[in-house]
Amino acid sequence: MDHSVLSAPLTAKDFASDEEVRWCPGCGDYAILKSMQKALVKIGARPETTVFVSGIGCASRFPYYMNTYGFHTIHGRAPAIATGAKLANPDLDIWVITGDGDGLSIGGNHLLHVLRRNIDLQVLLFNNEIYGLTKGQSSPTSRLGTRSPSTPNGSIESPVSPLIFALGSGANFVARAVDVSQVSLQVTLERAHAYKGAAFVEIFQNCIVYNDGVFNDFTERNLSSDRQIHVQHGQPLIYGKNKDIGLKLDHKTLCLESVKLGRGESKESDLIIHDERNRMLAVMLASMRPPDLPMALGVILCDPVDSISKAAPSNRRDSWTDDLNKLMRAGHTWTVGT
Amino acid sequence: MSRSSLISVECNENAQQRKQVSSAVVRFAGDSGDGMQLTGGQFTLSTATQQNNLLTFPDFPAEIRAPIGTTFGVSSFQINFGSREIRTAGDRLDCLVAMNPAALKVEIGKLKPGGVLIVDTGAFSERNYKRAGYKNNPLEGDSLNQFTVINLDISAATIAALKGHNLSKKESLRCKNLWALGLTYYLYGRDRDPTVKWLRQKFSGRNDLAAANIAVLHAGYKVADSSEFPTQFTTFQVGPADEMAAGVYRAVTGSDALAWGLSAGSHLADLKMIFASYPITPASPLLHSLASMEVDDIVTFQAEDEIAAICAAIGASYAGSLGVTSSSGPGISLKTEGLGLAVSAELPLIVVNSQRSGPSTGMPTKTEQSDLFQALFGRSSDSPVVVLAPFSPGDCFTIAIEAIRIAISYMTPVIILTDTFIANASEPWLIPDVNKLDPIEVKFCSTTEGFHPYRRGTERLDRPWVKPGTPGLEHRIGGLERDYDSGKISYEPDNHHKMTVTRYNKVKCVRDYIGPQTVTRGPQSGKVAVVGWGSTYGPISRAVDNLLQRGMDVSHIHLRNLWPLPKNLKQLLANYETVLVIEANLGQLLFLIKGYCLIDAKGFNKVSGQPFMISEVEEAIIDVYRF
């Protein structure tokens, strides 16, 4: 093994595989891929101990394009496969890549359980609110009225909120980012990686073919400042082009309200200070929807607790043959002959 | 015949001569809450320590506590034990213990004429016998005249024995199974000590309950051993088994043997085992056995569903451990998608199917062999896997190790098809020394030169097993078809054909490992070959032995390898005029043999949830025999 090669600093290119990327031109996945490669460099990840596990769908092709270990598995099952891999080798650094159909429809049960078990891995859910690879059917996150080949008159089902689902499943790290917001996405990925346990990140990902512009109401350049809030632990919840809008709790309704800061209006001291460990606040932040309230981005909940893989018992391999021999001879035995 | 005042406990041990018998079949039957499985288990323990050969058959309903006194709530435990080799749980009963009218109604048809019937008269109230479907008290008519009936008010005797024990009537009555056990111990000259020790251990911390149960056990025994007991009842002596190889033995169920075999196999391969499963009858005891081991190298994982269980096992194998999953037919249905991925990704994987009666929920606690087609063909596309079937509880240990060896050597999923009977039945087992078993070679790939994830070995067509964490071998695999020469995604038509053929041939190569099919008993060619697989081994082998002794030209061929089939099978079966395939389904192995060996074999099939009887197998053979 050439240690000088091993210890050489890596660049984003070192994490790019030689496989030709097959996403549609202009797909949000390209931006996520780039942020991930940069984040891994920043983290100091090693290609040999990094594993990407995915299910089925456009997002799930992600592992092929990373020069790390990768397992492109079956629809919805990536969290279960990643759980097995992590139980087998807790030293692996595992990223689960899923989409809104893969993670919340066919694989909803597995996502629920990997989060409640707090397996030490990162789950990135690329949410484009549509089925891409099967040509544009409505997904569990599609908004009411979404017209698609399977819902020609508009979807009549209420969409699921990935973050509320994750919080309800008992996730202790929940974050959100936008595909093309490279800097904040990269920082969010780094934070998710640093968390010991199951880290859940919803990434708003634009599908240029089947659902183009579905997030424009808060990602358009002229709207984003007034309709996004990037939460920071310990900082007051302030947003807006001029940093003059804040979030405050209405004590009578127990609802968040958006208030204008300034003379004769609300003061900064009236605002909520973001506390990553406050689950109730996380639920309120995750529930916000533009235009009345901004879309919350960044680390919404980060409440460290022990992960299963951290609590593994000590290894007893050396004596195992004798232990097994003893076990099989425990209880009532008898001897025939001499 | 009715006796209600058995209170004298004067002992008259050896007052009567015991009748020597070479084997006996005893069945305990009662309500599902009566502790019949415990009673049978204790009788087995005592019998095993007396060095009898034995085979047991727990037969119970799926309901945990069915309504009291109903026929569908009857829970039974049968044991066949003897000084001769025992291969089945016994066709007909020598002794039936019926704790209530429902048990009598369900089980009396199995008792031999002249057999011993022990009934608790205390449970035969009008309400109870009507609930069981009797119009009149069955103990009062002449319907039981052909049997030796021991009518005892076991309920009353139990309460009497517990006078001064400070237990309520309800608590006292819970001990009545031990009274019946004590009586049965006396009838068959069994030792009470193992049960006394077991009770002390079970109720450690509750000395009052231990003392009560032990007192009742002794009371049942002593009543039979007293001058009050009618002397016309024969007692029996069953000597130690004389055909067993030297060594240390224990009684083992298929579930325990499988758990230990999987543990031994993963240890021989020097691999951590990840056992992932979802609770299902009758497969759960395997999860329980492994979970109780508390060794870091054996990780048990109760998954959220059957799909997650096989997926976690696949993930474990991908990461360089041994992935194992277990279920029963309906659960295996859910695992077929995962199995397809394991076939495509070519990873070692063990899938245990403890078959039960189906389809769908079927009869969860009853045995069947009807998942053979599912194991062989139950996946999308051409996706061959190796299929093995143990023939007895003890064989589960051996077959688990073989399955692991094959899975690792050939980088393939292996299905172990066991069944409810084998999982629950127990038999004496010569305990192996794990130190003396051959290690299983595991070669994780470490060379980067010319590496790609589907570069195959020439002999077994196996692809390299790479442990993530190995520098320089980073690669991507998955369910998409890949190029034979580079391992990269490929939709090229000729390549897909080549890969499909290669996957098929790889599994076919396993024939070289398993070797030729042998004849279990009887001549190598002749009139009739009886072919079986799995738990039919006992009844077929005994039936064939019986017919051989009668001078008939019959052989028994038992398959442990169901896919790939042994190379010589076609040639071997062609040596017989008639091939008779006996199985607990509607002819699945028969279909395979007809198609694969092009032999016009005949079938004998029974799908009742019950094991085959020796007598019905004998009749089936005689039916096809050309005298």
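This structure is a prediction, so every number in the text was calculated from the model and none was measured. Lettering follows sequence order; numbering is per chain, from 1.
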When the 4.5 angstrom heavy-atom criterion is applied to B:A264 and chain A, the contacting part is both
Would a 4.5 Å heavy-atom cut-off, applied to side chains only, mark B:Y249 and A:T333 as touching? no
For B:L347, which atoms come within 4.5 Å of any heavy atom of chain A: side chain, backbone, both, or neither? side chain
Pairs of heavy atoms under 4.5 Å with chain A: top-ranked of B:I431, B:L268, B:V248: B:I431
Taking all non-hydrogen atoms of both residues into account, name the closest pair between A:I74 and B:C311 and its distance. CD1-SG, 4.1 Å
Given the options A:V51, A:L324, A:T83, which has more heavy-atom pairs under 4.5 Å with chain B than any of the others? A:L324
Using a 4.5 Å cut-off on heavy atoms from C-beta on, say whether the side chain of B:L430 contacts that of A:V336. no
Go through the steps to decide whether A:T68 and B:H475 satisfy the test side chain to side chain contact (heavy atoms under 4.5 Å, CB included), and finish with yes or no. CA-CA 6 Å; A:T68 62; B:H475 66 276; over 6 Å; no
Of all the heavy-atom pairs spanning A:W334 and B:A251, show the shortest one and how long it is. CZ3-N, 3.7 Å
Side chain from CB out, backbone as N, CA, C, O: work out which of these in B:L341 comes under 4.5 Å of a heavy atom of chain A, or both, or neither. side chain
For A:E48 and B:T470, run side chain to side chain contact (heavy atoms under 4.5 Å, CB included): C-alpha distance rounded to whole Å, both residues' side-chain angles, the deciding distance at 0.1 Å, then the answer. CA-CA 6 Å; A:E48 68 270 18; B:T470 312; over 6 Å; no
For B:W429, is it the side chain, the backbone, both, or neither that has a heavy atom closer than 4.5 Å to a heavy atom of chain A? side chain
To the nearest 0.5 angstrom, please state how far the CG atom of A:L327 sits from the CH2 atom of B:W260. 6.0 Å
Quick one: pull up NE2 in A:H332 and CG in B:L45 and give me the separation to the nearest 0.5 Å. 4.5 Å
Could you check whether any side-chain heavy atom of A:Y64 comes within less than 4.5 Å of a side-chain heavy atom of B:I489, counting everything from C-beta outward? yes
In Å, rounded to the nearest 0.5 Å, how long is the span from CE of B:M293 to CH2 of A:W320? 5.0 Å
Grab the two heavy atoms, one from B:K467 and one from A:Y69, that are nearest each other, plus how far apart they are. O-OH, 3.7 Å
Counting heavy-atom pairs closer than 4.5 Å to chain B, which one of A:N89, A:L92, A:T49, A:D93 comes out on top? A:L92
Side-chain touch B:D305/A:H110, heavy atoms, less than 4.5 angstrom: yes
Shorter than 4.5 Å, heavy atoms on both sides: which option in A:T73, A:N67, A:L112 has the most such pairs with chain B? A:N67
Looking at B:F81, I'd like to know if its CZ atom is crowded, meaning that more than 12 non-hydrogen atoms belonging to other residues, nucleotides or ligands lie closer than 6.0 Å. yes
Do A:K86 and B:I274 come close enough that some side-chain heavy atom pair is under 4.5 Å? no
Closest heavy-atom pair, A:P63 versus B:R476, reported as atoms and distance to 0.1 Å, is O-CG, 3.1 Å
Which heavy atom of B:K272 sits nearest a heavy atom of A:P90, and at what distance? NZ-CD, 4.2 Å
Contacting region of B:V466 [heavy-atom separation from chain A under 4.5 Å]: side chain
Apply side chain to side chain contact (heavy atoms under 4.5 Å, CB included) to the pair A:D18 and B:K488, showing each step before the final yes or no. CA-CA 10 Å; A:D18 56 359; B:K488 292 199 169 177; 3.0 Å; yes
Honestly, the part of B:P240 sitting under 4.5 Å from a heavy atom of chain A is neither
Taking all heavy atoms of A:N325 and all of B:V434, pick out the closest pair and write down the distance. OD1-N, 3.0 Å
What part of A:R61 gets within 4.5 angstrom of chain B, counting heavy atoms only: side chain, backbone, both, or neither? side chain
Dump the intermediate steps for side chain to side chain contact (heavy atoms under 4.5 Å, CB included) on B:E337 and A:R77, then the final yes or no. CA-CA 10 Å; B:E337 179 200 37; A:R77 321 298 177 209; 3.1 Å; yes
I need the A:I106 CD1 to B:I307 CD1 distance, nearest 0.5 Å. 7.5 Å
Among B:G479, B:P432, B:G338, B:S446, which residue has the highest count of heavy-atom pairs closer than 4.5 Å to chain A? B:P432
Residue B:I477 versus chain A: region with a heavy atom under 4.5 Å: both
Counting heavy-atom pairs under 4.5 angstrom with chain A, the leader among B:P468, B:P428, B:A308, B:S321 is B:P468
Are the charged groups of B:E304 and A:R117 less than 4.0 angstrom apart, N to O? yes
Go through the atoms of B:F301 and report whether side chain, backbone, both or neither lie under 4.5 Å from a heavy atom of chain A. side chain
Looking at B:A313, B:S317, B:A319, which has the largest count of heavy-atom pairs under 4.5 Å with chain A? B:A319
Taken to the nearest 0.5 Å, the spacing of B:R250 CZ from A:M328 CE works out to 9.0 Å
Using non-hydrogen atoms only, which part of B:A276 is less than 4.5 Å away from chain A: side chain, backbone, both, or neither? neither
